[in-house]
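These figures come from a predicted structure and were not determined experimentally. Residue numbering restarts at 1 for every chain, and letters A, B, ... go by the order of the sequence lines.
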Amino acid sequence: MLTFELSQLISRYLWRWIFGIGVLCLDLLFYLNSQTSAPNSIWEFTFSFLTSPSQSMLILPVLFLMITIDVIRLDISSNFIQFLMVRATARTNWFIAKLTSLFAMSVLYTILVVNIPLVIGMLGGLDTSYVIGEYSVFFQTTPLTSLISTTLPTFIITFTTLGTMFSILSLYTHHHSVSLVVGTLICLLSYFTYVRYHDIGIAFKWMLTTHMFLLPKIPTKLFSSNNFSAPSFAWSYGYLLCLYITSVILGYMRVRKMNL
Amino acid sequence: MKQPIEFHQVSKKLGRRSILEHINLSVHAGEVVGIVGTNGSGKTTLLRLVTGLVYPDHGEVFVGGNKISPGLLGVLPTSVGAVIESPSFLPQYSGLKNLSLLADIRGKISLDTVKSTMKKLDLDPSNKKAVQTYSLGMRQRLAIAQAIMENPDILLFDEPTNGLDEHGVHIFSTIMQEQVQRGSAIMIVSHHKDEITRYCDRVFGLEERTLKQKF
């Protein structure tokens with residue numbers, strides 16, 4: 001069942017991946033146009049994009065939801081489930097395959113959102129060496145490995161949690177569009193919390209996609225521990241893991257007995 | 001001795017509506033049992049209970065001697081082939097690709113077996129067209145091929161000749177004879193009397209949520 005699911009990761013959702021990449025490219029072009037000064041390198045461009053509040057807390061998560069929202073629900077709504085259930089020995093086999101599929105999609109999506117800006121930057125003629133300009137939010141001494149090692153796991157964990165939560169929600173709401181609306185509203189709420197209440201650390205801690213906003217967590221010129229209390233990476237990962245486990249338990253309880 | 005399919009005092013509600021009440025039924029190996037009834041009478045729900053797509057609210061369903069119940073893992077029966085309601089395949093793939101992906105889940109049969117099963121249903125395995133371009137009749141044949149290709153002990157058909165032309169019906173009849181000779185236990189659900197009388201050893205009517213033997 002796992003091999004079956006993973007083999008269709010791209011092909012079954014091809015048009016959505018194409019749509020997602022298209023929207024991402026447009027998003028990047030708008031972002032580039034909105035900058036007051038040109039980035040000094042593809043790395044500065046990429047990480048300033050990925051750490052932008054609107055991108056990390058709203059646009060990228062919502063785009064991921066649009067691609068993955070019915071990963072669990074699709075087999076049921078299309079009546080393809082009958083062909084799968086007579087070949088699975090237990091419903092949980094199918095459910096575990098779906099969870100693995102969602103994780104794989106979040107890894108793939110993270111790879112895309114990191115690499116597409118790099119490619120667009122290259123095509124735009126930006127310097128490919130690691131150069132941080134003096135007006136960047138990042139310190140010029142910030143190592144590239146530090147940016148990569150914080151961005152990749154945080155994005156993967158958050159996207160996995162997000163995708164799983166709202167895919168499982170669609171099992172309860174009976175239609176994925178309701179889950180998509182709820183997921184989008186949650187992302188909006190996270191972004192609004194930052195815009196309006198970013199000096200209130202407690203509001204920041206309990207939102208969902210605020211944990212993807214990396215600028216307060218890593219040394220930057222914009223935030224310091226004196227003026228902003230962002231949750232640590234450990235806290236964020238722990239919180240997201242709790243949300244993920246809760247979602248999986250609720251999903252398991254539903255899948256085990258529901259009418260398919 | 002346990003029969004391939006057994007229903008013991010099975011009741012099922014869908015939402016608030018009671019669909020089945022106190023259903024008792026057993027289907028023997030090599031037997032074809034037909035279920036007739038009006039639309040919405042619960043015929044399809046009977047098949048879904050055998051596949052584990054739904055579980056009974058009361059009573060027990062045994063398939064292949066194993067009780068089908070949620071348990072810890074959501075138990076499903078093994079060795080069942082089914083075509084229930086309007087079957088849906090992965091639309092972007094060809095018929096062969098669809099069936100070979102499904103066959104790979106259990107890995108019990110080879111690609112050659114998949115191809116020979118398709119040919120039995122007069123489907124061309126080399127046809128690269130996506131299933132979404134298939135006619136209703138072709139999709140129905142593909143669904144039947146999917147159901148029989150792994151030689152299951154139990155076969156479940158919901159309106160099996162729906163969309164089939166005369167030649168397709170003839171092929172289905174041949175397949176039914178082969179499966180009965182193989183010793184498969186078969187349930188057919190239909191609201192066409194001709195279909196039922198042609199294939200079935202016993203026929204039950206689903207009326208007012210209970211089964212009544214017709215012949």
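The two residues A/S7 and B/Y93 have their closest heavy-atom pair at O-OH, 4.4 Å. The minimum heavy-atom distance linking B/S88 with A/S78 is given by the pair CB-O, 2.6 Å. Summarising the geometry of B/L72 relative to A/R256, their closest heavy-atom pair is O-CD, 3.4 Å, with the distance given to 0.1 Å.
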Query raised in the report: Can B/L101 and A/F83 be said to form a side-chain contact (heavy atoms from CB on, under 4.5 Å), step by step?
Result: CA-CA 11 Å; B/L101 280 173; A/F83 297 153; over 6 Å; no
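Looking at A/F95, neither its backbone nor its side chain comes within 4.5 Å of chain B, counting heavy atoms on both sides. The part of B/K12 that comes within reach of chain A is its side chain, from C-beta onward, which places non-hydrogen atoms under 4.5 angstrom from that chain. Interface remark: A/F4 contributes side-chain atoms only to the contact with chain B (heavy atom separation under 4.5 Å). Heavy atoms of A/T3 lying under 4.5 Å from chain B are absent altogether. Only the backbone of B/P77 comes within contact range of chain A, with heavy atoms under 4.5 Å apart. Only the side chain of B/Q92 comes within less than 4.5 Å of a heavy atom of chain A; its backbone N, CA, C and O stay farther away. Within the 4.5 angstrom heavy-atom criterion, no atom of B/L156 approaches chain A.
Once rounded to the nearest 0.5 Å, the distance linking CG of B/D104 with CE of A/M1 reads 12.0 Å. Rounded to the nearest 0.5 angstrom, B/L73 CG and A/R91 CZ are separated by 12.0 Å. Atoms CD and CZ, on B/E150 and A/R87 in that order, are 4.5 Å from each other to the nearest 0.5 Å. Rounding to the nearest 0.5 Å places CG of B/N66 at 11.5 Å from OG1 of A/T89. Annotation: the span from A/I81 atom CD1 to B/I84 atom CD1 amounts to 11.5 Å, rounded to 0.5 Å.
Within residues 14-39 of chain B, the residues approaching chain A closer than 4.5 Å by heavy atoms are, in numerical order, B/L14.
The local environment of CZ in A/F103 is sparse, with at most 12 non-hydrogen atoms from other residues, nucleotides or ligands closer than 6.0 Å.
Every residue meeting the salt bridge (Lys or Arg N to Asp or Glu O under 4.0 Å) condition with B/R141, not counting sequence neighbours, appears here in chain and number order: B/D122, B/D165. With sequence neighbours left out, the salt bridge (Lys or Arg N to Asp or Glu O under 4.0 Å) criterion links B/R182 to no other residue. Here B/K13 pairs with nothing under the salt bridge (Lys or Arg N to Asp or Glu O under 4.0 Å) rule; sequence neighbours left out.
Most heavy-atom pairs under 4.5 Å with chain A, from the set B/V80, B/V54, B/L53: that is B/L53. The most heavy-atom pairs under 4.5 Å with chain A, out of B/S69, B/P87, B/G52, come from B/P87.
The shortest side-chain heavy-atom distance between A/R12 and B/L90 falls under the 4.5 Å cut-off. You'll find the side chain of A/W94 stays beyond 4.5 Å of the side chain of B/I105, heavy atoms only.
The only member of A/K257, A/M258, A/M253 that meets side chain to side chain contact (heavy atoms under 4.5 Å, CB included) when paired with B/P70 is A/K257.
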